[in-house]
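Data first, discussion second: the structure below is written as structure tokens.
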Amino acid sequence: MIFINNLRQNLENLRTTKEIDEASLIEVRNTIDNVEIELQNKDTLINELRNNTNTIISEKIVLEQENIVRSNQIAGLLEEKANLENNIRILQQERAQIPSKNLVTTFRQSLDSMAGKLDEPESKANYIISSMNVKLRTNLSLQDNELQFQLPKPDDIIPPENLSTIEFTIRSTPKELDLSEYIEVPDLTGMTLEEAEYAITDAGFKPGTTSEKNSNSPQGMVIDQMPSACSLAIPWAAIDITVSKIIYVDMPNIVGLDIDSGEEVLINSQLEVGEITEQSSKSTSGTILNQSIEAGTTVLVGTPVDIVIAARETVEVPGLIGKKLDMAKYLIRSAKLKPGNIVKQVSTEKADTVFEQDPLAGTAVLEGECVDMVISIIEALKVPDVTGKLINEARTILENKELRIGRIIKRTSTLGTGTVLDQNPKADTEVDAGIPLDLVVANQDIEMIEGIGPERGSKLKDIGINTIKDLAVADTETVGEMVGKSTATKFISMAKLIDSASQLGSLGIDRQSAELLVKAGGIYSVDTLKNAKADDLYNLCEEAIASGKVEVPVDYSLRQDAVNRWVELAQ
């Protein structure tokens, strides 16, 4: 109770200065004590009422939760009851009953039907149905000592567990084959197509389909047949044959091409690259001088082709250590060599720099050989914290980390112009070398305030108002002579707002909360915050947000304990 303590302090000051007599002093002290006791009693009563209210609310929440649980239980029981009633209804329905002998008769008729289809004259073999495996899902009943199958109706929905599964096998007695009319199939392999067709007809059969298949056998020779040789088949049955087919290609002309292009042409033509020999020539090294098979010749697929190429020269491997990868590739190609395997390895060297090569620099090799390299990569960098630094200092820090400045966004602030207020990515974020950082930089220029353009800014600077801080402490009358009184009031208020938000920021208060304290609570400095009452300040801010007097982001929220902490920090 701060005001009680203040009264006592004031009373003590009066007693010291002897501005009050002893009797009055005692009377006032007693009055203050009574008031303090009465306030304490009221505080106690308020706390009891608050505790009772919280207890009632907690009990209400518990009862509501219990009510939800009971409602869910009732709903579950009702659903279970409906399912049971439906199952009972299904079980009570009347269904057709089929004696077991009738069911077996039906399956026998099915066997006879299938056997008849397989026994048609067009069949190439006389197949016999010997058995049928049956799995039946049905209800079982016994009437007059006879087993009955109770079948569900078409529209019944019966749970699987309410049906019985019956598995049984029906066997038929196979009929004896009559082979008296069957004749032997001739062996056609090794014959030509014409010879095979004559042999088929002469043996009492008819030619079936003819297909081709890649083979090493002579072109058009029979290599397979169906039915197979020496098997039995009914007269005039069709006999299918397969004849060999050899694929030929025309030899392409590869003379004059470089060896890589020539090999690619042969492979695309389904030919093989044979022996490669070198020969001294005035032609560019690696140029094909001769091919073992003349262009235009018809050859089998897969035929190997020998090649003669112009001899390659001996060249010296260039030095690549310390070179950037692009430069190293250029040097390799300039030396008539090829870049080989490139391995990346973490190193203290600059990124993308060669620090190993194979063969070594100065080694003599044949032109066209490959040069392997190991290049450096840098581990992920951690972004340094440059907030609070001046822009030039921040640039130096970033460049030393192999980073750079991206966009620069100016924001009004009472901090020195060029001071970094924020950065993206944030400090300690892992990034690759060379990535740009966007910086938010402070700007004190009064023209950063909305409405103060170059013309008004020039007038204000003529009277010594150069920065936002200057404008925040400027005299309204003086500024009004330059821009008008109402406009001056608005500009100065905006400058004070920015200045106040900056001061409050020194306590760790974010910018949104600082603006809220200024606009809603009239807190323009750390000193005014020090003398504020935390509870009253919190209520003012909440009312300003609720009424729309101060607009805040949707996800913004102000906490009572945060306001208490700010006031304590200010004190």
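Everything numeric in this text was worked out from a predicted model, so none of it was measured.
Each of T429, D422, N424, D428 was compared with K426 under the side chain to side chain donor-acceptor pair (under 3.5 Å) criterion, and only D422 meets it. Screening D438, V386, I391, L437 for a side-chain contact (heavy atoms from CB on, under 4.5 Å) involving I405 leaves a single residue, I391.
Shown here is Y330, whose OH atom has no more than 12 heavy atoms of other residues, nucleotides or ligands within 6.0 Å.
For E356, the side-chain contact (heavy atoms from CB on, under 4.5 Å) partners are V374, not counting sequence neighbours. S261 meets the side-chain contact (heavy atoms from CB on, under 4.5 Å) test with L257, D258; sequence neighbours excluded. Looking at residues two or more places apart in sequence or on another chain, you find a side-chain contact (heavy atoms from CB on, under 4.5 Å) between M221 and S217, P218, S244.
The shortest heavy-atom contact between A364 and T314 is CB-CG2, 3.7 Å. Nearest heavy atoms, F205 versus I183: CZ-CG1, 3.2 Å. Closest approach of C370 to P339, counting heavy atoms only: SG-O, 4.5 Å. Nearest heavy atoms, S283 versus A310: O-CB, 3.9 Å. Residues V317 and L360 approach most closely at CB-O, 3.6 Å, considering heavy atoms. For P186 against A199, the heavy-atom pair with the smallest separation is CG-O, 4.2 Å.
Residues T192 and V222 have side chains not in contact (no heavy-atom distance under 4.5 Å, counting atoms from C-beta outward). Contact annotation: the side chain of V299 approaches that of V249 to within less than 4.5 Å [non-hydrogen atoms, C-beta and beyond]. In this structure, the side chains of P425 and V431 come closer than 4.5 Å at one or more pairs of heavy atoms. Counting heavy atoms from C-beta outward, L289 and I309 have side chains that stay 4.5 Å or more apart. Counting heavy atoms from C-beta on, the side chains of I409 and L439 never come closer than 4.5 Å. Inter-residue side-chain proximity for L320 and M373 is flagged as met; some heavy-atom pair is nearer than 4.5 Å. Side chains of D224 and I241 form no contact here, defined as non-hydrogen atoms less than 4.5 Å apart. T303 is listed as a side-chain neighbour of I293, based on a closest heavy-atom distance under 4.5 Å.
The existence of a salt bridge linking D260 and K338 is confirmed by a sub-4.0 Å separation between a basic side-chain nitrogen and an acidic carboxylate oxygen. With respect to K389 and D385, no salt bridge is recorded, no charged nitrogen being found less than 4.0 Å from a carboxylate O.
Proximity of a side-chain donor or acceptor of N341 to a complementary backbone N or O of V343 within less than 3.5 Å is not detected. Judged by distance alone, with hydrogens and angles left aside, the side-chain atoms of Q357 form a donor-acceptor pair with the main-chain N or O of P318 at under 3.5 Å.
In this structure, T287 OG1 and I254 CD1 are separated by 12.0 Å, a value rounded to the nearest 0.5 Å. With values rounded to the nearest 0.5 angstrom, Q345 atom CD is found 9.5 Å from S376 atom OG. Considering CD1 of I397 and CD of E399, their distance stands at 11.0 Å, rounded to 0.5 Å. With rounding to the nearest 0.5 Å, the separation of OG in S211 from CE in M226 is 11.0 Å. Distance CG/L188 to CD1/I239: 6.0 Å, rounded to 0.5 Å. The distance from atom NZ of K336 to atom CG of L366, rounded to the nearest 0.5 Å, is 12.5 Å.
No donor-acceptor contact under 3.5 angstrom links the side chains of S285 and E313, judged on distance only.
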side-chain contact (heavy atoms from CB on, under 4.5 Å) evaluation trace for Q225 with T242: CA-CA 6 Å; Q225 67 182 82; T242 302; over 6 Å; no

Worked check of side-chain contact (heavy atoms from CB on, under 4.5 Å) between F355 and I375: CA-CA 6 Å; F355 64 92; I375 65 171; 5.7 Å; no

Step-by-step side-chain contact (heavy atoms from CB on, under 4.5 Å) determination, R395 to R404: CA-CA 7 Å; R395 179 178 285 106; R404 59 188 177 87; over 6 Å; no

V315 vs L337, side-chain contact (heavy atoms from CB on, under 4.5 Å): CA-CA, chis, key distance, verdict: CA-CA 8 Å; V315 296; L337 299 171; 3.6 Å; yes

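Each salt bridge (charged side-chain N to carboxylate O under 4.0 Å, His left out) pair with one or both residues in residues 294-308, not counting sequence neighbours, would appear here, but there are none. Each salt bridge (charged side-chain N to carboxylate O under 4.0 Å, His left out) pair with one or both residues in residues 323-335, not counting sequence neighbours, would appear here, but there are none.
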Taking distance alone, no hydrogens or angles, what donor-acceptor pairs closer than 3.5 Å link side-chain atoms of residues 267-278 to residues at least two apart or in another chain?
unit_1, atom_1, unit_2, atom_2, d
N268, ND2, E264, O, 3.3
S269, OG, V265, O, 3.0
E278, OE2, R312, NE, 3.2

